[in-house]
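Each chain gets a letter, A, B and so on, in the order its sequence line appears, and its residues count up from 1.
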Amino acid sequence: MSFEHHQIPADLLAWYDLSARDLPWRIGPAARKAGIRPDAYRVWLSEIMLQQTTVAAVKPYFERFVARWRSVEDLADAETDDVMAEWAGLGYYSRARNLHACAKIVAHGHGGRFPPTAALLKALPGIGDYTSAAIASIAFDEPAPVVDGNIERVVTRLYRIKAPLPAAKTAIRRTVAAITPTERPGDFAQAMMDLGATICVPRTPSCLICPIAAHCAARSAGDQALYPVKPPKRAVPSRVGAAFVALRRADGAVWLRRRPAPSMLGGMAEAPSTDWSARADGETHAASAPFTAGWVHAGTVEHGFTHFKLALEVYRAEVETVTGVEGWWAPPDRIAEQGLPTLMRKVVARAIAAEPALAKEKRPARKQRTASIRLEAEPEGSFSLVDDAAAGTRRPPRPRRRTRRTSARWSKG
DNA sequence: AAGACGTGGCT
DNA sequence: TAGCCAAGTCT
């Protein structure tokens, strides 16, 4: 098989010329061959956003970022809180912090130009092995070995690499370096990623239409499903906590504060919440309310993170004002601008959807619809309360069975 | 160097 | 449903 290695780039690039995905941060293969290079700012921004994140999720964020900040200098001059708020919902928020730090270095330390080699790029915050190679090859034509999850899959199949990840990374990188062409290295990297994303997919790869099936050892052996070999996953533990949503009686504004930078969701806005502990009960929640108010249990929000599951008990209270604690009021029509991560959007949505305690006493008990109600950020920046169960949206009916929770009323002290 | 770090879509 | 997975980086 090895005597055919030199054919891989040619066959793959021929396929890419016809089948390249049209993405907002890309220039097409035709433009690239005409000597046009993509804007390094857009390449960098897209690569940071795409870390562990799907293309579909990234697209609207990318469009909003480049519309708001047209250059790396613009982004460097933005307020960090604005950058964080614009990032809200994309996840892995240290990326946004590093993004802004990187923009400042490039704008004020490198004259607004990204350094053009992988080695130099890798010194910048948020740019590691993959991203440095991707930017260097796509924006600057350096034949740096680009290795992401797609390419790991493609290469372990091409060469039947049986060593489990991540130990196999060194061998994979060496292999990618050996087949990366000096002509069109950026298109080669993007072609490999397109192949992994559309044909050489994890479960059932479409080998019949693969442009490099002829060079694939796993395809020959028929064991392509075995690669890449990965270690078993650890079970994810559960944590619990409570969140407190104060609503200003006058206008329905929500009291928010900022989470400390180095923590989970660091630097993002939140409705004040307790620590998220491995084990806790109502007593802990009560003692941890941020201030005294008529807190009423409004339901539970469940949220899955990478390394733990979280169940947050949501309490709401209607108040005149708040004193003695750090934070700010977010008017109801401006909640979308506050930079609430998805977990906290769920929390606020749950609290707003909960019926006021007084009304509740007058009405017959009604089943809670915790998971069907959500806050949705509209593209224009508005923020709407969506009730899937009532609105007749044509989502497949979700199996919903939720134990009715009694509203516990208590106040601090 | 293994674990922290988000979220949404798909099976 | 519950798990798996996605253009990784940092410590």
Item to check | Residue met sooner reading DNA chain C from 5', once A:Ala197 and A:Gly126 are mapped to nucleotides | outcome: A:Ala197

Checklist entry - Got a donor-acceptor pair under 3.5 Å from the side chain of A:Thr53 to the base of B:dG6? => result yes

Item to check | Polar pair under 3.5 Å, donor/acceptor by atom type, side chain A:Thr306, base B:dG6 | outcome: yes

What integer distance in Å separates [X]:[atom1] from [N]:[atom2]?
X	N	atom1	atom2	answer
A:Ile48	C:dG8	CD1	P	11 Å
A:Glu152	C:dT9	CD	P	11 Å
A:Lys309	C:dT1	NZ	P	13 Å
A:Met193	C:dA6	CE	P	13 Å

Checklist entry - So do the side chains of A:Leu75 and A:Ser71 get within less than 4.5 Å of each other, counting heavy atoms only? => result no

Next on the checklist: Give the residues of residues 85-104 of chain A touching DNA chain C, defined as any heavy atom closer than 4.0 Å, sorted by residue number.
Outcome noted: none

Looking for any heavy atom pair under 4.0 Å, which part of the strands does [X] touch: base, sugar-phosphate only, or nothing?
X	result
A:Val55	base
A:Met264	sugar-phosphate
A:Leu23	base

